Amino acid sequence: MADPRLRQLTIKTGVVKRLTKERTVYEREVTTERNRLEKFKTEGGDDHVLKKQEEVIQECLMMIPDAARRLTKEVEALEKFLEDEKELEESKEYQAASQVLTEAIEVLRKS
C-alpha cells in the first residue's frame, strides 16, 4: 500500500462501513427497546420505568436521522473519490470500497 491514494481509500471505506453499522444498530435498538416497552406494559411495569423506556426510544429515534445525514455525506465523498481514482480499479481496496458503498446505499434506501 505504497500509494497514498490507497490509504485514503481505505480510510474513507472504513468511515462509510462504520457509519452504516451505526445506523443499522440504532434502527435495531429502536425495535428492541419498543419490544421491551411492550413487555413492561403487559407486565404492568412501574410508570417511572415506562417513562424512562420511552425516553430511550426517543433518543434512538433522534440519532437515526443524524447517522443517516453523516452516512449520506460520507457516501457522496467515497463515490466522488472512486470516480476520480478509476485507475485504482484493479486494487482490492477499490473493490472493497465499491462493495461497502453498495451496502451503504442499500441501507440509505431502506429508510
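All figures in this text were calculated on a predicted structure; none of them were measured in a lab.
By the 6.0 Å contact criterion, CD on Glu90 is open, its count of non-hydrogen atoms from other residues, nucleotides or ligands being 12 or less.
Expressed to the nearest 0.5 Å, how far OG of Ser98 lies from CG of Leu82 amounts to 5.0 Å. Put simply, CD on Gln53 and CG on Asn35 are 10.0 Å apart, with the number rounded to the nearest 0.5 Å.
Taking Lys80 as the reference, Asp84 meet the salt bridge (Lys or Arg N to Asp or Glu O under 4.0 Å) condition, with sequence neighbours excluded. Checked against side chain to side chain donor-acceptor pair (under 3.5 Å), Lys41 has no partners two or more places apart in sequence or in another chain. In this structure, the side chain to side chain contact (heavy atoms under 4.5 Å, CB included) partners of Gln99, at least two apart in sequence or on a different chain, are Glu103. With sequence neighbours excluded, the residues forming a salt bridge (Lys or Arg N to Asp or Glu O under 4.0 Å) with Glu33 are Arg36, listed by chain and number. Listed by chain and residue number, Gln8, Leu78, Phe81 satisfy the side chain to side chain contact (heavy atoms under 4.5 Å, CB included) test with Lys12 (two or more places apart in sequence, or in another chain).
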(message) Would Lys51 and Glu54 count as a salt bridge (charged side-chain N to carboxylate O under 4.0 Å, His left out) here? Give the steps.
(response) CA-CA 5 Å; Lys51 184 177 177 181; Glu54 288 174 3; over 6 Å; no
(message) Is there a side-chain contact (heavy atoms from CB on, under 4.5 Å) between Lys17 and Lys21? Walk through the geometry before answering.
(response) CA-CA 6 Å; Lys17 193 174 192 176; Lys21 183 177 180 181; over 6 Å; no
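Screening Glu87, Glu93, Glu89 for a salt bridge (Lys or Arg N to Asp or Glu O under 4.0 Å) with Arg5, the sole residue that qualifies is Glu87.
The cluster map of Ile, Leu, Val, Met, Phe, Trp and Tyr, joined by side-chain heavy atoms under 4.5 Å apart, puts Leu9 and Leu101 in the same cluster.
Using a 4.5 Å cut-off on side-chain heavy atoms (C-beta onward), Val30 and Arg34 make contact. Taking 4.5 Å as the limit, some side-chain heavy atom of Leu50 sits within range of a side-chain heavy atom of Asp47. Between Thr20 and Leu108, every side-chain heavy-atom pair lies at or beyond the 4.5 Å cut-off. At least one side-chain heavy atom of Glu85 sits under 4.5 Å from a side-chain heavy atom of Leu88. Between Leu37 and Val56, the closest side-chain pair of non-hydrogen atoms is not below 4.5 Å.
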Sequence neighbours excluded and cut-off under 3.5 Å, please list the side-chain donor-acceptor pairs for residues 60-77, or say none.
{"from": "Asp66", "atom 1": "OD1", "to": "Arg69", "atom 2": "NH2", "distance (Å)": "2.5"}
{"from": "Asp66", "atom 1": "OD2", "to": "Arg70", "atom 2": "NE", "distance (Å)": "3.2"}
{"from": "Arg70", "atom 1": "NH2", "to": "Glu22", "atom 2": "OE2", "distance (Å)": "2.3"}
{"from": "Thr72", "atom 1": "OG1", "to": "Ala68", "atom 2": "O", "distance (Å)": "2.8"}

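Using a 4.0 Å cut-off between charged side-chain N and carboxylate O, Arg23 and Glu27 make a salt bridge.
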